[in-house]
Amino acid sequence: MAVSRTGRLLSARLLGAYTKPLVWEPASHFWSVPDRGYRRPGAPLPSRWLYKRISANFNFAKGVDGVRTTLKHLKDEFLQPWVGPQGKPLIEHMLEKTRVLWEFRGPESLNKWVVSSDQEIGGRSEVYLKLGRNNNTCLLYGTLSATPPRDGETRYSGYCSMRSKQLFASFQRKKHLDLSSFNTLHLRIRGDGRPWMINIRPQTFFSHQRVDVYSYFLYTRGGPYWQDVKIPFSKFFLTSGGRIQDAQHYLALDRINTIGFTLGDKADGPFQLEIDYIGVCSDPAHTEDYAYEVYKRNPDV
């Protein structure tokens with residue numbers, strides 16, 4: 001029986017695959033962990049071996065500062081529970097109705113935030129963060145460009161964001177904000193009329209929930225006057241990877257990690273957002289549990 005050339009090549013490849021000597025390749029070894037971060041289309045592949053991708057910089061002064069910070073956090077964790085929750089007297093914690101989470105009163109307050117834009121994926125948007133003229137506010141400004149990068153794969157672009165840094169306790173353990181005593185987010189801002197999206201990221205338990213974010217649209221009115229905005233937490237809706245989810249769930253206020261602001265209205269041009277403070281309050285007139293239909297995990301039979 002005659003065998004075609006394609007069949008002979010395929011048989012040779014299969015035979016070669018099965019007769020190839022077994023060579024141990026530590027694919028699951030710690031030092032060969034694959035890079036799971038974002039890689040811009042067209043960029044070269046990272047090194048396979050992990051030790052080649054680590055740029056370790058051993059600094060004795062930085063190590064001493066890390067030990068000092070860890071001991072400080074450890075001391076607070078031991079002493080604060082004796083005083084009360086978060087180091088406040090119990091009666092003060094029970095009667096607390098408002099709390100300022102972030103305020104901008106000096107250069108050190110900007111170190112608690114990080115800014116990013118679509119330049120990470122090859123975009124052209126620019127974003128900057130600095131103190132206001134009186135050094136009592138923060139000014140987020142830049143230029144938005146919705147032109148996608150010319151890599152042949154990316155179709156959409158044009159975003160700028162500002163996000164609070166993750167808080168850490170002793171030994172680099174994540175520290176969460178407990179806002180279960182409050183029901184409203186209170187902002188004092190001054191925008192330029194653009195719509196912003198407020199993003200709250202809670203602590204999740206499963207790996208597929210790592211991109212879950214609760215969002216709400218903030219419409220600034222522009223002009224020279226300040227704007228006091230109160231947004232109930234019940235109005236925040238669940239998104240995952242930038243997509244609104246059909247199955248909505250409550251926002252867990254007892255384990256909040258970060259809060260951020262994102263601009264992506266596809267309107268090219270300059271923008272600015274000035275923030276005085278970010279706080280929370282307890283509004284007794286607001287009794288809504290959740291503004292959206294909640295997916296019932298265990299339906300009645």
Side-chain angles (χ1 to χ4, degrees), residues 73 76-77 79-105 109-114 137-138 140 161-170 172-189 196-206 209-218 227-240 244-245 248-262 273 275-292 294-295:
H73 291 331
D76 294 339
E77 292 178 17
L79 297 181
Q80 284 184 358
W82 292 94
V83 180
Q86 299 181 354
K88 301 179 181 178
L90 183 59
I91 185 64
E92 181 180 346
H93 183 79
M94 294 174 60
L95 299 178
E96 186 179 23
K97 297 298 181 181
T98 60
R99 181 191 302 175
V100 177
L101 301 178
W102 292 278
E103 59 181 353
F104 305 92
R105 299 296 183 266
S109 60
L110 300 181
N111 298 331
K112 302 177 182 179
W113 296 84
V114 60
T137 61
C138 98
L140 181 67
S161 64
M162 165 186 173
R163 178 179 55 85
S164 62
K165 292 183 179 180
Q166 173 68 56
L167 300 177
F168 290 95
S170 59
Q172 291 297 311
R173 294 179 294 110
K174 284 187 178 181
K175 185 178 180 180
H176 315 303
L177 295 175
D178 186 3
L179 306 179
S180 56
S181 301
F182 309 95
N183 59 5
T184 304
L185 180 68
H186 189 188
L187 310 171
R188 189 170 187 263
I189 61 173
W196 290 77
M197 177 175 284
I198 305 178
N199 303 315
I200 298 179
R201 186 182 297 274
Q203 175 65 23
T204 55
F205 298 99
F206 303 101
Q209 296 176 330
R210 65 182 182 276
V211 292
D212 287 1
V213 176
Y214 285 82
S215 306
Y216 186 82
F217 288 101
L218 170 64
Q227 180 180 355
D228 285 325
V229 182
K230 291 185 178 181
I231 307 172
F233 288 117
S234 61
K235 303 294 184 181
F236 284 82
F237 52 88
L238 174 62
T239 64
S240 181
I244 301 177
Q245 300 300 294
Q248 293 289 319
H249 306 286
Y250 300 100
L251 172 60
L253 295 174
D254 58 339
R255 52 179 189 275
I256 300 298
N257 283 342
T258 62
I259 183 173
F261 303 86
T262 301
L273 178 67
I275 306 175
D276 186 2
Y277 62 84
I278 303 173
V280 290
C281 62
S282 179
D283 187 1
H286 182 73
T287 58
E288 183 181 50
D289 293 333
Y290 200 56
Y292 312 99
V294 179
Y295 175 71

Asker: Can you tell me how far apart NZ (K235) and OH (Y214) are? Round to the nearest 0.5 Å.
Answerer: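 Rounded to the nearest 0.5 Å, the NZ-OH separation comes to 16.0 Å.
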Asker: Could you walk me through whether N199 and T262 pass side-chain hydrogen bond (donor to acceptor under 3.5 Å, both in side chains), step by step?
Answerer: CA-CA 8 Å; N199 303 315; T262 301; 2.9 Å; yes
Asker: For side-chain contact (heavy atoms from CB on, under 4.5 Å), just list the numbers for S109 and W102, CA-CA rounded to whole Å, side-chain angles, deciding distance to a tenth of an Å, and then say yes or no.
Answerer: CA-CA 8 Å; S109 60; W102 292 278; over 6 Å; no
Asker: Keeping the roles fixed (side chain from Q209, backbone from T204), state whether a donor-acceptor pair exists under 3.5 Å.
Answerer: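 Here the side-chain-to-backbone pair does not exist.
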Asker: With a 4.5 Å limit on heavy-atom distance, are the side chains of Q203 and K174 in contact?
Answerer: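 Sidechains of K174 and Q203: in contact.
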Asker: I want to check something: taking the side chain as every heavy atom from C-beta on, are H186 and K230 in contact at a cut-off of under 4.5 Å?
Answerer: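 The answer is yes, as the side chains (C-beta and beyond) meet within the 4.5 Å cut-off.
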Asker: Less than 6.0 Å separating the ring centroids of F168 and H73?
Answerer: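 No, they do not, as the ring centres are separated by 6.0 Å or more.
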Asker: When you measure from the side chain of Q248 to the backbone of Q245, do you find a donor-acceptor pair of N or O atoms at a distance under 3.5 Å?
Answerer: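 Yes.
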Asker: Do L101 and L179 touch side chain to side chain, with heavy atoms closer than 4.5 Å?
Answerer: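 A side-chain contact under 4.5 Å exists here.
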Asker: Kindly say whether N111 contributes a backbone atom to a donor-acceptor pair with the side chain of K165 at under 3.5 angstrom?
Answerer: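 At least one qualifying donor-acceptor pair exists.
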Asker: Applying side-chain contact (heavy atoms from CB on, under 4.5 Å) to V229 and I231, what does each step give before you reach the verdict?
Answerer: CA-CA 6 Å; V229 182; I231 307 172; 3.6 Å; yes
Asker: Let's go through S161 and M197 carefully: what are the C-alpha distance in whole Å and the side-chain angles of both, what is the deciding distance for side-chain contact (heavy atoms from CB on, under 4.5 Å) to 0.1 Å, and is it a yes or a no?
Answerer: CA-CA 9 Å; S161 64; M197 177 175 284; over 6 Å; no
Asker: Contact between F104 and L110 at the side-chain level, heavy atoms closer than 4.5 Å - yes or no?
Answerer: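 In short, these two side chains touch, coming nearer than 4.5 Å.
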Asker: What is the distance from atom CG of L251 to atom CD1 of I200, rounded to the nearest 0.5 Å?
Answerer: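 One finds 5.5 Å between CG of L251 and CD1 of I200.
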Asker: Evaluate the side-chain contact (heavy atoms from CB on, under 4.5 Å) criterion for residues L253 and F182: first the C-alpha distance (whole Å), next the side-chain angles of each, then the deciding distance (0.1 Å), finally the verdict.
Answerer: CA-CA 8 Å; L253 295 174; F182 309 95; over 6 Å; no
Asker: For K88, look at atom NZ and say whether over 12 heavy atoms of other residues, nucleotides or ligands are found less than 6.0 Å away.
Answerer: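 Yes, NZ of K88 has more than 12 neighbouring heavy atoms, counting only those of other groups under 6.0 Å.
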Asker: At their closest point, which heavy atom of E77 faces which heavy atom of P81, and how far apart are they?
Answerer: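 The answer is O-CD, 3.1 Å.
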Asker: Using a 4.5 Å cut-off on heavy atoms from C-beta on, say whether the side chain of R173 contacts that of K175.
Answerer: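 K175 vs R173: side chains apart.
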Asker: Kindly determine whether E96 and S181 satisfy side-chain hydrogen bond (donor to acceptor under 3.5 Å, both in side chains), including the steps that lead there.
Answerer: CA-CA 8 Å; E96 186 179 23; S181 301; over 6 Å; no
Asker: Kindly compute the distance separating OH (Y292) from NE2 (H249), expressed to the nearest 0.5 Å.
Answerer: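 Y292 OH to H249 NE2: 14.5 Å, rounded to 0.5 Å.
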Asker: Verify side-chain hydrogen bond (donor to acceptor under 3.5 Å, both in side chains) between H176 and D254, making sure each step is shown before the conclusion.
Answerer: CA-CA 8 Å; H176 315 303; D254 58 339; over 6 Å; no
Asker: With side-chain hydrogen bond (donor to acceptor under 3.5 Å, both in side chains) as the test, would you mind laying out the steps for D283 and T184 before giving the verdict?
Answerer: CA-CA 7 Å; D283 187 1; T184 304; 4.8 Å; no
Asker: Would a 4.5 Å heavy-atom cut-off, applied to side chains only, mark L185 and I278 as touching?
Answerer: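 Answer yes - side chains close enough.
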Asker: To the nearest 0.5 Å, what is the distance between OH (Y290) and CG (L238)?
Answerer: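 Answer for the OH-CG pair, Y290 versus L238, is 6.0 Å.
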Asker: Apply the test salt bridge (charged side-chain N to carboxylate O under 4.0 Å, His left out) to residues R99 and D178: give CA-CA distance (whole Å), side-chain angles for both, the deciding distance (0.1 Å), then the verdict.
Answerer: CA-CA 11 Å; R99 181 191 302 175; D178 186 3; over 6 Å; no
Asker: As an exercise, state the distance from CG of L167 to NZ of K112, rounded to the nearest 0.5 Å.
Answerer: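 Spacing of CG (L167) from NZ (K112) equals 8.5 Å.
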Asker: Quick one: does I259's side chain get under 4.5 Å of I198's, heavy atoms only?
Answerer: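 Yes, side chains in contact.
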Asker: Is there a donor-acceptor pair closer than 3.5 Å between any side-chain N or O of R188 and the backbone N or O of G279?
Answerer: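 No, R188 side chain to G279 backbone: no donor-acceptor pair under 3.5 Å.
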Asker: How long is the straight-line distance from SG of C138 back to CD1 of I275, given to the nearest 0.5 Å?
Answerer: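 These two atoms lie 4.5 Å from each other.
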Asker: With a 4.5 Å heavy-atom cut-off, do Q166 and T258 have their side chains touching?
Answerer: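 Touching, per the 4.5 Å side-chain cut-off.
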Asker: Can you name the closest pair of heavy atoms from P284 and S282 and give their distance?
Answerer: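 Heavy atoms of P284 and S282 come nearest at CD-O, 3.4 Å.
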Asker: Checking S164 side chain against W113 main chain: does a donor-acceptor pair fall under 3.5 Å?
Answerer: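 No, because the side chain of S164 does not come within donor-acceptor range (under 3.5 Å) of the backbone of W113.
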Asker: Look at the aromatic rings of F236 and Y216 and report parallel, tilted or perpendicular, splitting at 30° and 60°.
Answerer: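 Taking Y216 first and then F236, their aromatic rings sit tilted (interplane angle of 30° to 60°).
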Asker: Over all heavy atoms of both residues, which pair between A252 and P202 is shortest? Give the atoms and the distance, please.
Answerer: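 In terms of heavy atoms, the two residues are closest at O-CB, 4.3 Å.
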